[in-house]
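What follows is a single structure, written as structure tokens, with notes after it.
When a ligand or atom number is given, it counts from 1 through the structure's own listing order.
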Amino acid sequence: TVLILDFGSQYSHLITRRVREAGVYCELLPCTQKIAELKFRPKGVILSGSPFSITDEGAPHVDPEVFTMGVPVLGICYGLQEVARNLGGETSLAVKREYGHAELHLDPQADHHSFKLFQDVPSPTIVWMSHGDHLERPPQDFVVIGSTPTSEYAAVAHESLPIYGIQFHPEVTHSADGALILRNFVVGICGCEANWTMSSFIDKELERIRALVGPHGSVIGAVSGGVDSTVAAVLMKRAIGDRFHAVLVDNGVMRLNECEQVKKTLADNLGINLTVADASELFLGRLKGVTDPEKKRKIIGNTFVEVFEAEAHKIDAVSQQSGLGAIEWLLQGTLYPDVIESISFKGPSATIKSHHNVGGLLEDMRLKLIEPLRELFKDEVRALGALLEIPEDLVWRHPFPGPGIAIRVLGEVTPEQVQIARLADNIYIDEIKKAGLYRQISQAYAALLPVRSVGVMGDQRTYEQVIALRAVETKDFMTADWFPMPVDVLKRISNRIINEVKGVNRVLYDVSSKPPSTIEFE
Ligand code: XMP
């Protein structure tokens with residue numbers, strides 16, 4: 001394991017990504033982590049960048065033991081300043097902040113250990129700079145191994161110890177050989193084996209789940225048909241069989257035939273012990289007359305918790321009656337980005353965000369949380385899903401919001417409106433798949449707008465509703481670009497929707513990016 005200490009840089013999680021991509025398992029912890037209190041012994045440490053300046057009052061610092069425990073250390077940007085501060089260098093504020101591409105000229109000596117850091121990296125190479133502080137003078141006993149026209153000490157290494165500092169950010173893709181430099185550090189220098197793969201994860205995780213839950217323990221969890229909850233459910237099924245109880249809540253605002261399809265895949269094909277709670281009437285009843293998006297979200301969220309809890313109590317009662325004992329665990333499909341978000345360093349006033357749990361079940365039924373995906377990124381979950389033989393369709397499914405079609409039917413959510421949005425969405429996604437574009441698009445859906453417009457069909461004047469098509473490309477869903485849908489595909493979609501979906505006489509394509517628009521309409 002490689003330890004990444006986070007000083008709060010917006011790029012910290014990318015360091016974790018790149019190291020994992022190199023096949024090496026790593027964990028990100030706040031920079032305030034005491035080395036003596038670590039639960040594992042790292043083979044190397046990476047210090048991240050930071051929004052702080054090293055000269056700020058209250059600037060965060062690492063446990064000095066990082067430098068004495070005898071493993072390689074790589075300081076990135078602020079991490080480099082931290083190396084210098086601990087080992088006697090001088091930092092100063094750069095006269096001008098440096099931001100953007102720079103040409104890094106390498107100068108490691110072939111017989112020096114730093115040679116390994118830049119193994120196979122051409123000189124010069126383009127790197128990404130983003131910093132305010134810079135080194136005024138490298139620490140004693142350090143040699144310069146790389147420089148840019150504006151940073152004389154862009155890369156330094158200790159003369160004899162495996163301690164390195166780099167001013168640029170190898171973790172961002174703008175640094176042409178950044179991934180290679182990080183791999184050189186974790187594999188070549190720290191000596192980690194590149195064996196972090198999903199199949200090794202499955203075996204380890206199944207063992208961990210079995211040990212945690214014990215030979216008789218039972219677990220309950222909600223599934224939605226999305227990739228995270230499905231992968232988590234399949235892992236539980238493999239680990240403990242029917243002692244895992246999955247609940248699918250039909251909230252009446254899922255996509256066309258989705259509930260049946262999810263049931264078929266999870267229960268019939270994957271053999272998961274599944275209960276479907278059809279609460280669509282309850283949900284749609286409560287949504288009657290509601291037009292405010294936030295109110296819709298609240299109603300759906302609260303009703304979901306209510307229905308899930310009632311189901312959990314029923315399943316628990318049956319389990320106890322049949323002598324299998326009480327349910328003890330609640331499954332949650334938490335992913336690593338959520339974990340990072342809740343543990344990452346946010347300055348001296350760090351607040352720890354708690355995860356959203358399902359209602360009061362944790363206290364009420366005294367359930368303990370089990371989170372088998374908490375070490376994984378989304379693409380790792382997909383790779384895992386493929387290994388677990390989950391159908392490809394499901395593994396690559398676009399994310400779908402909890403409030404479902406309710407926030408895609410603008411205005412009041414009636415069963416009739418939901419049906420129109422469903423039919424249009426189904427055609428849209430079907431044509432996207434037929435055109436082979438589904439995987440290029442991060443998320444796509446049809447929204448039903450609360451307006452009517454005039455049209456003509458045959459000799460008849462029509463006055464009907466409008467469908468808006470949305471498709472975006474994004475990496476993190478925080479920012480997104482609208483997808484340039486080919487015109488012929490748009491033509492087919494529009495023709496089909498207007499001809500096949502009663503009540504719609506106009507189709508629009510959304511060409512707004514996020515920000516300022518959001519991905520969802522509501
Ligand atoms: P926005 O519309 O904020 O969406 O750009 C970003 C991502 O979040 C999803 N989303 C939600 N997911 N409950 C959810 O589970 C919600 O209330 C919700 N609102 C938005 C959205 O689909 C997109 O992937």
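Every pair passing side chain to side chain donor-acceptor pair (under 3.5 Å) that includes a residue from residues 380-391 is listed here, sequence neighbours excluded: Arg20-Glu380, Trp196-Glu380.
Salt bridge Lys514/Glu520: absent, no basic N to carboxylate O contact under 4.0 Å. With respect to the salt-bridge test (charged N to carboxylate O, under 4.0 angstrom), the residues Arg286 and Glu306 qualify. For the pair Asp430 and Lys434, the salt-bridge criterion is met [side-chain N within less than 4.0 Å of a carboxylate O]. Note on Arg17 versus Glu21: salt bridge recorded, some NZ/NE/NH1/NH2 to OD/OE distance being below 4.0 Å.
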Report each N/O pair between ligand 1 and the protein that falls under 3.5 Å, naming both atoms.
unit_1, atom_1, unit_2, atom_2, d
ligand 1, 2 (O), Ile519, N, 3.3
ligand 1, 2 (O), Glu520, N, 2.8
ligand 1, 5 (O), Lys514, NZ, 2.7
ligand 1, 5 (O), Ile519, N, 2.7
ligand 1, 15 (O), Gly402, N, 2.9
ligand 1, 17 (O), Arg297, NE, 2.6
ligand 1, 19 (N), Arg297, NH2, 2.9
ligand 1, 22 (O), Gln443, NE2, 2.8
ligand 1, 22 (O), Glu520, OE2, 2.5
ligand 1, 24 (O), Gln443, OE1, 2.7
ligand 1, 24 (O), Gln443, NE2, 3.4

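Taking CD1 of Ile407 as the reference point, atom CD of Glu522 lies at 7.0 Å (rounded to 0.5 Å).
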